[in-house]
Chemist: 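Got a structure here, written out as structure tokens. Questions coming.
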Amino acid sequence: MTWKSEQLSSNELIIREALLTTGRLPKHVAVIMDGNGRWAQERGMLRVEGHKEGMESVREAVKLSSQLDIKYLTLYAFSLENWKRPAREVRFLMGLLESYLKKEVAELHANNVRIATIGKTNALPKPVQKVLQKAIEHTAGNDGLTLTLALSYGGRWDIVRAVQMIALDVRRGKVSPEDLTEETMRSYLSTGGMPDPDLMIRTSGEMRLSNYLLWESAYTEIYVTNELWPSFRREEYYKALSDYTLRERRFGQTSDQLRTATVGPNNTSKPTTMERILDAFR
Ligand code: FPP
């Protein structure tokens, strides 16, 4: 049975319907999965147990994104700075990643998920690079959810890498400095082929970007929840999405300009029933 044909509870059907009716679900959701260590420590467990439990939240987020036809989910699974963690924890995380890809690529493929990565992946252990490459190739033809794993990733690293490649192309005469635009820059980033994230979720209450998608998040809506990542399950994801559908994205314009452009000058724009359901759910 595929994820989309699964039977949902009546509560879930209502919230799903409300979300879909708004027509405002994000195309691209980026997540900073924070708080695994604290989740474990609060329970007197080892930090790595938190990562293990966090994997279940990864599964749920992937599945729900796919069920809601969200096109891109980008997970911050391992930052460049995470290499400084104790070797044992790094080894554990790499093992978790490897077994996730090995065990679940078939299910991901059956659900039309395309796997991609961003980051300095040549720094990953060779066996991890191998399964990653295999998973990417195996799912390359899928056109449902694109699940991008940010691995050994840093936003500044990606920007510097893009600038280096632009400089090389300038030297080769392929690009002229006068013609450089934001679009050119975007195309050199490792996120080049995807839209900017509409929504960035950060768990564990920390109010920072932690070097994640720095260029791409210029106009991203940020949702911070106090839930720790291992506790961020379906209901929490629904809450984040509901919150997002009620945001007004102005991209530098005024509210009046937006209303006039979308619904005409005299529209009073009363909340719909569905918007009221979502508001209550938040
Ligand atoms: C942050 O929690 C989380 C990480 C550094 C790793 C996230 C990885 C996973 C959820 C599992 C692997 C993911 C995939 C996609 C295979 P933390 O350890 O910084 O928690 P703390 O802030 O409470 O210490």
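Whatever order the structure lists them in is the order used to number ligands and atoms, beginning at 1. Note that the structure is predicted; figures quoted are calculated from it, not measured.
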Chemist: Backbone N or O of W3 within a donor-acceptor pair of the Q67 side chain at under 3.5 Å?
Modeler: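 Judged by distance alone, yes, a pair lies under 3.5 Å.
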Chemist: Is there side-chain contact between L80 and K120, with heavy atoms separated by less than 4.5 Å?
Modeler: yes
Chemist: Heavy-atom distance to atom 17 (P) of ligand 1: which of M33, R85, E104, R38 wins?
Modeler: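 It is R85 whose heavy atom sits nearest to atom 17 (P) of ligand 1.
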Chemist: S204 near ligand 1, heavy-atom distance under 4.0 Å?
Modeler: no
Chemist: Among all protein heavy atoms, pick the one closest to atom 9 (C) of ligand 1 and tell me residue, atom and distance.
Modeler: N36 ND2, 3.8 Å
Chemist: Quick check on contacts: which atoms of ligand 1 are under 4.0 angstrom from a heavy atom of M55?
Modeler: 11 (C), 12 (C), 13 (C), 14 (C), 16 (C)
Chemist: Within ligand 1, which atoms have a heavy atom of L149 less than 4.0 Å away?
Modeler: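 Listed by number with element: 15 (C).
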Chemist: Please list the nearest protein heavy atom to atom 6 (C) of ligand 1 with its residue and the distance rounded to 0.1 Å.
Modeler: A77 O, 3.4 Å
Chemist: Salt bridge between E12 and R16, side-chain N to carboxylate O under 4.0 Å?
Modeler: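 Salt bridge: no.
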Chemist: Less than 4.0 angstrom from a charged side-chain N to a carboxylate O is my criterion; do E182 and R186 meet it?
Modeler: no
Chemist: Given that the side chain starts at C-beta and the backbone is N, CA, C, O, which of these parts of L228 lies under 4.0 Å from ligand 1, counting heavy atoms, or is it both or neither?
Modeler: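 Contact part for L228 vs ligand 1: neither.
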Chemist: Going by atom type alone, with no hydrogens or angles, which donor-acceptor pairs under 3.5 Å involve a side-chain atom of residues 29-37 and a protein atom two or more places apart or on another chain?
Modeler:
| from | atom 1 | to | atom 2 | distance (Å) |
| --- | --- | --- | --- | --- |
| D34 | OD2 | R38 | NH2 | 3.3 |
| D34 | OD2 | R202 | NH2 | 2.9 |
| D34 | OD2 | S204 | OG | 3.1 |
| N36 | ND2 | H51 | ND1 | 2.9 |

Chemist: Quick one: which of L97, D34, N82 has a heavy atom closest to atom 5 (C) of ligand 1?
Modeler: N82
Chemist: Hydrophobic cluster mates of L228, side-chain heavy atoms under 4.5 angstrom, ILVMFWY only, any path?
Modeler: W39, M45
Chemist: Are any of the N/O atoms in L75 less than 3.5 Å from those in ligand 1?
Modeler: no
Chemist: Which option out of R59, R47, E42, M94 puts a heavy atom nearest to atom 24 (O) of ligand 1?
Modeler: R47
Chemist: Tell me, yes or no, whether the heavy-atom count around R247 atom CZ, taken from other residues, nucleotides or ligands under 6.0 Å, exceeds 12.
Modeler: yes
